[in-house]
Structure formats: structure tokens, C-alpha cells
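Presented below is the structure to which this report refers.
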2 protein chains.
Amino acid sequence: MADLNNLISPFFLNEKEIRKVLELFFFSYRDFTSGPDKILEKLKFGRAHHRVIYFVGKKNNITIKELLIVLKITKQSLSRVLNQLVEEGYIIVSSGLDKRTKSLSLTEKGGKLELELSTIQVKKIKKVLNNFSEENINGFKKILYEMIDINNKKIFEQLND
Amino acid sequence: MADLNNLISPFFLNEKEIRKVLELFFFSYRDFTSGPDKILEKLKFGRAHHRVIYFVGKKNNITIKELLIVLKITKQSLSRVLNQLVEEGYIIVSSGLDKRTKSLSLTEKGGKLELELSTIQVKKIKKVLNNFSEENINGFKKILYEMIDINNKKIFEQLND
DNA sequence: TATTTAGGTCAGCCATATTGACTTAATTAT
DNA sequence: ATAATTAAGTCAATATGGCTGACCTAAATA
């Protein structure tokens, strides 16, 4: 039986074109993350460390729980990576007002690394987006946003309050 | 010293907005890949199996070497995953014209799984893109394409010849 | 005939994630 | 005041998906 969805789709939304989008997403994301990897490797860190540093830098005084919600990993997974970052002086831990919680921040060393890693990705995106119209850029951001699951959209918003 | 790049950037390309793009990319890609994971789990497969099935489905009679170039992993890594897929009847191997090479194709069972997995992602993308203009969609695809490293652009093109 | 290429295999290692069980200390609810 | 909940930590075992290095075979090419 013919797929009605295909019959009513314009050419730029047909199966073949959508599959190209799948592939573009795969290839572009892989290359997008490959830049920082080289720097991380020298420090014997991985992408997991990068994510922690990024989100601690983004939201100063973030708690363990908040970080876990953003990263969507278990506390056991976070623990290994976070302990390394604390031991090596990239992140500093203090107690929150609620003394059950911990408050995480980047040290100066951590801030420098965060900037170094992010700059690679920021520059890459800037270089690409420079050649597109404001309309295209806003469209790009909206499409990415709409691809986020409903619950995670809130998490993204809260990060950018 | 002030960053000249920032001074000449329009507001939609300032540091803060670019960092939002980083995060959008992270969140959207994570949710984009999460759909198939549930199905794969039942079969005791992972994302690596999905990728192999996807690209074998995409390019029938692909060789091991070609697959390695697309996936950018070592043959030792591919071997474990591929052998499982062959043993369990998802992929069939035959000899190429050049008898050193092997030619990989999906079996009927493999084709069914490929469709099941891809359909989840295709539907998601279709649903999102349906609410955007052709101009926005083409912009989206071009931006993703431009984020791919130069060498890998060729690989993407060859897949879609 | 020598070299290169495609593919395979064994072994060991590392990073990142998981589940489950259990603990401590602090805050909230009853 | 006590009970329940919450935030965080820890120990142990397991899975997945990568990696390097060393070697091997068979076929194609120089």
C-alpha cells in the first residue's frame, strides 16, 4: 500500500531527502564534537569531562542534582568524572544554603579550559553561520529546538533564563 | 582587549547566542538518537549496530573498507558488531568482483529492522520540518552540511550519488 | 616476483555508561 | 519530636564501543 504521507509531501520532505537530513545530522554532529577531543586527550579527559565543565561554566553554583538532570546520566557516572575535575583543580565544590546540596563552580584553571574548548566550537559555528541570513539562522535554531523532547525543552530554557 | 569579532557581529551571532546553538545541537542530537535505542535494547544491540545497518541499507553491496571510511572506526571495532549482525541474520556477506573484497547487504530481516529504526527518526524529522518553510528547511540542511569537515563532505556526497 | 591491498583475528586496554544495594546527613512533613 | 524524604556518596558488577599492536591470509598490482 502506498504511503499517504509521501503522496502529500512536497519534494523537499520526501523520504530520500529526510534521510539526507539524518545523515547530515550524524556527520555534522560528529565533526562538531571532534575539535575539543584533541585538547581533552592531552589532559587525559574525555567528552564527559567537557560536558561537565561546559554546564558548570554555564550555570555557576549548579548543584549535583541539577547537573544530573541536564546531563541525563547516573550519579555514579558523574561521580568519576567530577571527582577527577575537582582533584585536578578545574572545579571547586562548596556547600549550598541547603547543606545537603553542593555548589559547583569553575576555578580559574577550569574557566580557562572551558573557554579554550568552547572557543573551538563557537568559532566553527560562527564561521559557518556568517554565510547565512538572519532568517536562515533563526530557522536553524528553531528547527533544532523543535527536535528536542518536550521535557528537555524546559531544561534548555532554564539554562538560559 | 575587546574581541573585534564580537564588535562586528550582529546580535544573532554574539557569543551568548552561539553558545545557545551549541546547547541546541547537544540536546537535539541526544533526543534524536534516543528513539531507536529502545528497540535496539530489546535485541541487545547498540547504536553501533544501528549505524552499520543504516549504511549497509543505504549503499547496497558496500565493502568493509567503504563502511570503515564512513563510520570512521577501526576494523576491530566494526568486526565485533558486524559479526553479530551476520550471525543473527541481519546482514549477508558475499564476495565482490575483486575477490579480496566483501560485499555487504541487508537480508529481509535486516531490511525490516532498518526500516523500523529509521522510521522513528524520519517521522520525527518530518513532523518538525512540516512546520517550516522550504527556505528554512533548505537553510537548515545547508548549515548542517557546512558544519561537516571538508573531507567528510565528499563522503556524504558519495553516499548520495 | 615483490609489494600492496582487503580483510580477519587475538589480546589487552580505556572511557563511559548502566543497575543495584546501601550509607550519611540534612531538611520537611506529620 | 519523630518519621519521611531528599541530596549526595560509595561499592561492586556489567555492558558497550571505542582504541593500539601484532600478526596472518589471499588476491591484485607494480
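Source: prediction; values computed, not measured. Every chain is numbered from 1 and lettered A, B, ... according to where its sequence line falls, protein lines coming before strand lines.
Look at CG on B:Leu68: it is 13 Å from C1' on D:dG18, rounded to the nearest Å. One atom, CD of A:Gln84, and another, P of C:dA15, lie 8 Å apart when rounded to the nearest Å. With rounding to whole Å, B:Ile69 atom CD1 is found 12 Å from C:dT5 atom P. D:dA7 atom C1' lies 13 Å from atom CG of A:Leu78, rounded to whole Å. Counting to the nearest Å, the P atom of C:dT18 and the CD1 atom of A:Ile73 are 6 Å from each other. One atom, CG of A:Leu104, and another, P of D:dA7, lie 14 Å apart when rounded to the nearest Å. Distance A:Leu43 CG to C:dC14 P: 18 Å, rounded to the nearest Å. Nucleotide C:dA17 holds its P atom 10 Å from the CZ atom of A:Arg47, rounded to whole Å.
Aromatic ring centres of A:Phe132 and A:Phe140: separated by at least 6.0 Å. Taking the six-membered ring for Trp and the full ring otherwise, the centers of B:Phe32 and A:Tyr29 sit at least 6.0 Å from each other.
Note: A:Phe55 and B:Phe27 have tilted aromatic rings, judged against thresholds of 30 and 60 degrees for the angle between ring planes.
Using modelled atom types and a 3.5 Å distance limit, the side chains of A:Lys72 and A:Asn152 yield a donor-acceptor pair. A donor-acceptor contact closer than 3.5 angstrom links the side chains of A:Lys58 and A:Asn160.
Distances shorter than 4.0 Å separate none of the side-chain N or O atoms of A:His49 from OP1 or OP2 on C:dA15. Within the structure, every side-chain polar atom (N or O) of B:Ser77 is placed at least 4.0 Å from both OP1 and OP2 of D:dG17. Between A:Lys65 and D:dA7, a side-chain N or O to OP1/OP2 separation shorter than 4.0 Å is present. An OP1 or OP2 oxygen of D:dG18 is reached within less than 4.0 angstrom by a side-chain nitrogen or oxygen of B:Arg51.
Each of A:Asn83 and B:Ala48 lies near DNA chain D, and the nucleotide nearest A:Asn83 is the one positioned closer to the 5' end.
If you check distances only, the side chain of B:Arg80 does reach the base of D:dG18 with a donor-acceptor pair under 3.5 Å.
Between B:Lys153 and B:Tyr145 there is a side-chain heavy-atom pair separated by less than 4.5 Å.
When each of B:Ile62, B:Thr63, B:Leu68 is checked for a side-chain contact (heavy atoms from CB on, under 4.5 Å) with B:Lys65, only B:Thr63 meets the rule.
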Tell me, for nucleotides 22-30 of chain D in 5' to 3' order, what letter each nucleotide earns: B for a base near a protein heavy atom under 4.0 Å, S for only sugar-phosphate near one, - for neither? B----BS--

